[in-house]
K.L.:
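Take a look at the following structure, please.
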Number of protein chains: 2
Amino acid sequence: MAPRKDISRESETGTLGKSMALLELVTHAERPMRFTDILALAGQPRGTLHRQLGHLVAEGLLEFAVGGLYAPGLRLLDLASRSWAKNEFRLIAEPHLRHLQQMSGETVHLGVLRETSIIYLDKIEGQQSVRMYSQIGNASPVYCTGVGKVALSILPDDALEALVRSLSFHSYTPQTLVSAEALLTEVAAIRKAGFAFDREEHEPGIRCVAAPIRMEDGSFAGGVSITGPAYRLTLERLEEWAAPLKQTAECIADAMRVRLGPRR
Amino acid sequence: MAPRKDISRESETGTLGKSMALLELVTHAERPMRFTDILALAGQPRGTLHRQLGHLVAEGLLEFAVGGLYAPGLRLLDLASRSWAKNEFRLIAEPHLRHLQQMSGETVHLGVLRETSIIYLDKIEGQQSVRMYSQIGNASPVYCTGVGKVALSILPDDALEALVRSLSFHSYTPQTLVSAEALLTEVAAIRKAGFAFDREEHEPGIRCVAAPIRMEDGSFAGGVSITGPAYRLTLERLEEWAAPLKQTAECIADAMRVRLGPRR
DNA sequence: AAATTGAGTTCCAAATAATGGAAAATCGGG
DNA sequence: CCCGATTTTCCATTATTTGGAACTCAATTT
């Protein structure tokens, strides 16, 4: 009923690709940008750039504030909010995340691998509500987060190799793994253990333990983690959660298979 | 230094516009869609549609799941998360929202008017964390939310008239205002009072009180609100918060002027 | 087993939209 | 009120998109 070819990394995305590159540029900037700032970075002729920005503004993807400043548009929020709310993987995982949160009392994350980053799909906190969006949706490095490392650990060797070679490492903390070799060694260890630690590798004072969620067809790679402050969470304590975490991850994978398999 | 013409509703957005319409179509759907489903709704020839979808997938704006199903892509989350995190208006308002939350103990919302909807930019809850994204970023109707109605109340007459005439009303609850006339009457009353109630007009059992945040140049319209369950919040109780709410809204507006005025 | 149906994918000449260099309009400050 | 910096408009050229039809593949029917 449904033929499937290799759609992936093929060819160009034409005009859309150019627009998205521009959108990304503005969205990644620290602050709203002036036309000239963008011109310098975008490497396109004035006329072209001006029209492209005009289109992005007209579509609500960018905002054109007083003073001639371009900033990310709010339509992005609406689009994202909708896609998040209906994301099947997240919906399936949610009750399991809640369960983990209650068991541990700490913050639980759900993330998936996209390109060379981890995107957090959900986050369940214990106490005070506080900032959420600041994590959900965030693209974080694979090589220094628990979820990232477990995601790597379930990739086939060739994909893992290719991905790791393409990374550029940044030393967020003294513990961050900053070489392909160190990372590959760590991944080998994680494959054996079936779970990973984040030993304050991304943020000082923050530790976590993570387990992979794997589909045998390799159609996707993600993970769950339990995160908290180092003063409260020793590695021993985290390790106690490894077993239930692995089990929960397996439950989520099972639930996915049920959902995706039969009823398509 | 910065010329400013009326950029608005002018002309087309060419190829980008078509792509966005398609993205919106898939994002608004209840569930992932098959090619044929989209074909029926998009009103475009097969070949064209196929290439456009391919581009959207290649850009990560859509996902192409097994079984040939198209679903919203995760890149949207990343883009939105970034734009939210840096949104100046939200950053400025946040401490004030927190203050309101503490004063009332109830949930506080911040929203702005975009086109004919309210987009929630932030939400601060009292107790249990629970779902956040399910509100932030959501586009909600103007005519039956506190923030929506106060936003309308600060529009110039002609803009108000035009916007209200273009609305299509849906009766969410028995209390929902479902005619342009009723809404305009309500707005007139809100203009006098300087604040608005939501008397279970959007969700049964949910009330709120809202105040407008206004820039005299009309460059934007938004508001703050305090929301909670009807059994706990009588209109009298809500009215007690009207004064501090109005004051806070004014503080936010002042802070905006400081930020936008001098330092551009 | 062969034929048919329904769904998705590919192709390419014609139509449309994007490009980009340069000129014109506009703002802010001295 | 004029100057220099910045943004916006213009339009002939060029590149991309368009869309009808043909093709592929898998599942269902004859």
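Every heavy atom of this structure was used, including side-chain atoms; hydrogens, water molecules and symmetry mates were not.
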K.L.:
Sequence neighbours left out, what passes ring pair (Phe, Tyr, Trp, His ring centres under 6.0 Å) with Phe89(A)? Give chain and number order.
P.N.:
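Phe89(A) satisfies ring pair (Phe, Tyr, Trp, His ring centres under 6.0 Å) with Phe220(A) once adjacent residues are dropped.
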K.L.:
Find out whether Leu74(A) and Leu121(B) are in side-chain contact, i.e. whether some heavy atom of one side chain is under 4.5 Å from a heavy atom of the other.
P.N.:
yes
K.L.:
Has the side chain of Tyr143(B) got a donor or acceptor atom that lies under 3.5 Å from a matching backbone atom of Ala180(B)?
P.N.:
no
K.L.:
Could you tell me how far apart Leu53(B) (CG) and dT18(D) (C1') are, to the nearest whole angstrom?
P.N.:
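Atom CG in Leu53(B) sits about 15 Å away from atom C1' in dT18(D).
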K.L.:
So what is the end-to-end bend of the helix from dA1(C)-dT30(D) to dG30(C)-dC1(D), with 5 pairs used at each end and the value given to 10 degrees?
P.N.:
40°
K.L.:
How many whole angstroms separate atom CG of Leu39(B) from atom C1' of dG20(D)?
P.N.:
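Answer to the nearest Å: 13 Å.
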K.L.:
Between P on dG8(C) and CE on Met33(B), what's the gap in Å once rounded to a whole number?
P.N.:
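After rounding, the gap between these two atoms is 11 Å.
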K.L.:
So, using side chain to side chain contact (heavy atoms under 4.5 Å, CB included) as the criterion, who are the partners of Leu53(B) when residues are at least two apart?
P.N.:
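For Leu53(B) the side chain to side chain contact (heavy atoms under 4.5 Å, CB included) partners, ignoring immediate neighbours, are Leu22(B), Phe35(B), Ile38(B), Leu49(B), Leu62(B), Tyr70(B).
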K.L.:
Quickly work out the Leu49(A) CG to dG21(C) C1' distance and round it to whole Å.
P.N.:
14 Å
K.L.:
Quick one: which of dG19(D), dA7(C), dT19(C) gets closest to the side chain of Thr36(B)?
P.N.:
dA7(C)
K.L.:
What pairs of residues pass the salt bridge (charged side-chain N to carboxylate O under 4.0 Å, His left out) test when at least one of them lies in residues 13-26 of chain A, not counting sequence neighbours?
P.N.:
Glu24(A)-Arg75(B)
K.L.:
Only counting residues at least two apart or in another chain, list the ones meeting salt bridge (charged side-chain N to carboxylate O under 4.0 Å, His left out) with Arg214(B).
P.N.:
none
K.L.:
Who are the side chain to side chain contact (heavy atoms under 4.5 Å, CB included) partners of Val147(B), not counting sequence neighbours?
P.N.:
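Val147(B) satisfies side chain to side chain contact (heavy atoms under 4.5 Å, CB included) with Ile118(B), Tyr120(B), Ser225(B) once adjacent residues are dropped.
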K.L.:
Considering just the side-chain nitrogens and oxygens of His50(B), establish if one lies under 4.0 Å of OP1 or OP2 belonging to dG8(C).
P.N.:
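For dG8(C), OP1/OP2 do not have a side-chain N/O of His50(B) under 4.0 Å.
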K.L.:
For Arg191(A), enumerate each residue passing the side chain to side chain contact (heavy atoms under 4.5 Å, CB included) test, keeping only those at least two apart in sequence or located in another chain.
P.N.:
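Counting only residues at least two positions away or on another chain, Arg191(A) forms a side chain to side chain contact (heavy atoms under 4.5 Å, CB included) with Ser153(A), Asp157(A), Leu160(A), Val187(A).
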K.L.:
Given atom CZ of Phe64(A) and atom C1' of dT6(D), what is their separation to the nearest angstrom?
P.N.:
11 Å
K.L.:
Once you round it to whole Å, what is the distance between C1' of dT9(C) and CZ of Arg34(B)?
P.N.:
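Taking CZ of Arg34(B) and C1' of dT9(C), I get 16 Å after rounding.
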K.L.:
Mind calculating the distance between CZ (Phe35(B)) and C1' (dG6(C)) to the nearest angstrom?
P.N.:
13 Å
K.L.:
For nucleotides 14-17 of chain D, tabulate all protein N/O to nucleotide N/O atom pairs closer than 3.5 Å, reporting atom names and distance.
P.N.:
{"unit_1": "dT16(D)", "atom_1": "O3'", "unit_2": "Thr15(A)", "atom_2": "OG1", "d": "3.3"}
{"unit_1": "dT17(D)", "atom_1": "OP1", "unit_2": "Thr15(A)", "atom_2": "N", "d": "2.9"}
{"unit_1": "dT17(D)", "atom_1": "OP1", "unit_2": "Thr15(A)", "atom_2": "OG1", "d": "3.3"}

K.L.:
For Ala253(A), give me all partners under side chain to side chain contact (heavy atoms under 4.5 Å, CB included), at least two apart in sequence or on another chain.
P.N.:
Ile213(A), Met215(A), Glu250(A), Arg257(A)
K.L.:
Measure the distance from CD1 on Ile38(A) to C1' on dT8(D) and round it to the nearest whole Å.
P.N.:
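Taking atom C1' of dT8(D) as the reference, CD1 of Ile38(A) is at 14 Å.
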